[in-house]
Novice: 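Before I ask anything, let me first share the structure, which is written out below as structure tokens.
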Amino acid sequence: MTPSRPTALLIAALAGILLCSCAIGVKKWPKAQVQEDEFEWRGVIATRQDNCLVLDGMLSGNYDNLARIIVQLEPLGDNEPGYGCVNCPFTIRSMETLEMDDPRLTRAAGQVSIVVCGLEKDRSYRYRLVAENILSNLASQATDVALVRPQP
């Protein structure tokens, strides 16, 4: 038995309404608005205090999205095993990951201050800071590699 023409039209109309209502409910994952959600380093000043490295940095952009900062360190030596040299490629020898609640990290708006201790007092170090965004699909922001010498 075949459905009558009005019944077939009614079934087709209901199927169309059902398909349209399904399409209206389609949602996509939110995407990061790169210009609005990212930040970048504006500058970092490093000083040494005994066996500690004190880093004062400035971020611009949406610094409220800062999730953590990673301090990458390379102690320098004169052809000593396990130490880098000034003219060699930067090789990370140790890292400190500082979450936002870490007492070694303080923040006021776009300014961050970091204190990392446990360094060899009379040794020079190269360092790089990497700031990670709370939005994991946005790239981390790294400073250039810089050199800090011990206090005289």
Side-chain angles (χ1 to χ4, degrees), residues 13-152:
L14 288 174
I17 291 171
L18 181 64
L19 285 173
C20 287
S21 67
C22 290
I24 291 171
V26 171
K27 302 288 185 210
K28 293 184 179 179
W29 286 102
K31 292 183 179 178
Q33 302 298 317
V34 175
Q35 303 256 333
E36 297 171 13
D37 294 331
E38 71 180 2
F39 50 80
E40 64 184 356
W41 289 104
R42 285 290 175 203
V44 176
I45 296 172
T47 55
R48 289 288 300 272
Q49 292 179 357
D50 295 324
N51 68 334
C52 295
L53 173 61
V54 179
L55 300 156
D56 293 307
M58 178 64 92
L59 293 165
S60 65
N62 195 348
Y63 45 76
D64 288 331
N65 284 352
L66 181 63
R68 70 193 55 78
I69 296 177
I70 301 166
V71 182
Q72 301 172 335
L73 296 168
E74 178 186 36
L76 302 178
D78 295 321
N79 296 322
E80 299 173 62
Y83 295 95
C85 65
V86 174
N87 297 321
C88 302
F90 180 64
T91 303
I92 302 165
R93 308 289 176 152
S94 65
M95 286 190 321
E96 297 284 337
T97 301
L98 307 171
E99 300 292 336
M100 300 316 303
D101 60 351
D102 193 306
R104 300 173 293 171
L105 171 64
T106 55
R107 203 169 74 146
Q111 293 183 299
V112 294
S113 293
I114 300 164
V115 178
V116 177
C117 295
L119 279 63
E120 295 178 51
K121 185 177 178 180
D122 296 324
R123 190 169 297 278
S124 294
Y125 282 80
R126 290 196 294 181
Y127 69 90
R128 177 172 50 207
L129 298 178
V130 179
E132 293 186 350
N133 200 305
I134 58 173
L135 303 171
S136 59
N137 60 332
L138 291 180
S140 299
Q141 298 296 315
T143 64
D144 291 334
V145 174
L147 174 68
V148 63
R149 299 186 188 281
Q151 291 177 324

Novice: Side chains of F90 and R128: does their closest heavy-atom pair fall under 4.5 Å?
Specialist: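 SC-SC contact between F90 and R128 confirmed.
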
Novice: What's the separation between atom OG1 in T47 and atom CG in L53, rounded to the nearest 0.5 Å?
Specialist: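 Answer for the OG1-CG pair, T47 versus L53, is 7.5 Å.
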
Novice: Not counting sequence neighbours, which residues clear side-chain hydrogen bond (donor to acceptor under 3.5 Å, both in side chains) with T97? List them please.
Specialist: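 Residues passing side-chain hydrogen bond (donor to acceptor under 3.5 Å, both in side chains) with T97: none at all.
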
Novice: Main chain of A67, side chain of N133: is a donor-acceptor contact present, judged purely on distance under 3.5 Å?
Specialist: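 Such a contact is absent between N133 side chain and A67 backbone.
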
Novice: For D37, does its backbone N or O pair with a side-chain atom of N65 as donor and acceptor, under 3.5 Å?
Specialist: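 Such a contact is found between N65 side chain and D37 backbone.
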
Novice: Backbone N or O of V130 within a donor-acceptor pair of the R68 side chain at under 3.5 Å?
Specialist: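 A pair under 3.5 Å: no.
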
Novice: Do R107 and L66 come close enough that some side-chain heavy atom pair is under 4.5 Å?
Specialist: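 Counting from C-beta outward, R107 and L66 do come under 4.5 Å.
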
Novice: Can you give each donor-acceptor pair under 3.5 Å made by side-chain atoms of residues 139-152, sequence neighbours left out, with the distance rounded to 0.1 Å?
Specialist:
residue : atom : partner : partner atom : Å
T143    : OG1  : L129    : N            : 3.0
Q151    : NE2  : R48     : O            : 2.8

Novice: Using the ring of Y83 (Phe, Tyr or Trp, six-membered ring only), decide whether R93 places NZ or CZ under 6.0 Å from its centre and within 45 degrees of its axis.
Specialist: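 Judged by the rule (NZ or CZ under 6.0 Å from the ring centre, within 45° of its axis), R93 is not positioned above Y83.
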
Novice: With heavy-atom distances below 4.5 Å as the criterion, would you say the side chains of E96 and I70 are in contact?
Specialist: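 Contact flag for E96/I70 side chains = no.
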
Novice: Check this for me, if you would: do E99 and R104 make a salt bridge, where the nitrogen-to-carboxylate-oxygen distance has to be below 4.0 angstrom?
Specialist: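 The answer is no: the pair does not qualify as a salt bridge.
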
Novice: Any donor and acceptor pair, going by atom type alone, linking the side chain of N62 with main-chain N or O of E36 inside 3.5 Å?
Specialist: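 Flag set: sc N62 to bb E36 pair under 3.5 Å.
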
Novice: If only atom types and distance count, is the side chain of Y125 paired as donor or acceptor with the main-chain N or O of E120 below 3.5 Å?
Specialist: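 Indeed, once roles are kept as given, a pair shorter than 3.5 Å links the two residues.
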
Novice: Report the distance from atom SG of C85 to atom CD of E80, rounding to the nearest 0.5 Å.
Specialist: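 One gets 11.5 Å once the value is rounded to the nearest 0.5 Å.
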
Novice: Enter the distance from L119:CG to L73:CG here, rounded to the nearest 0.5 Å.
Specialist: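 Output value for this atom pair is 6.0 Å.
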
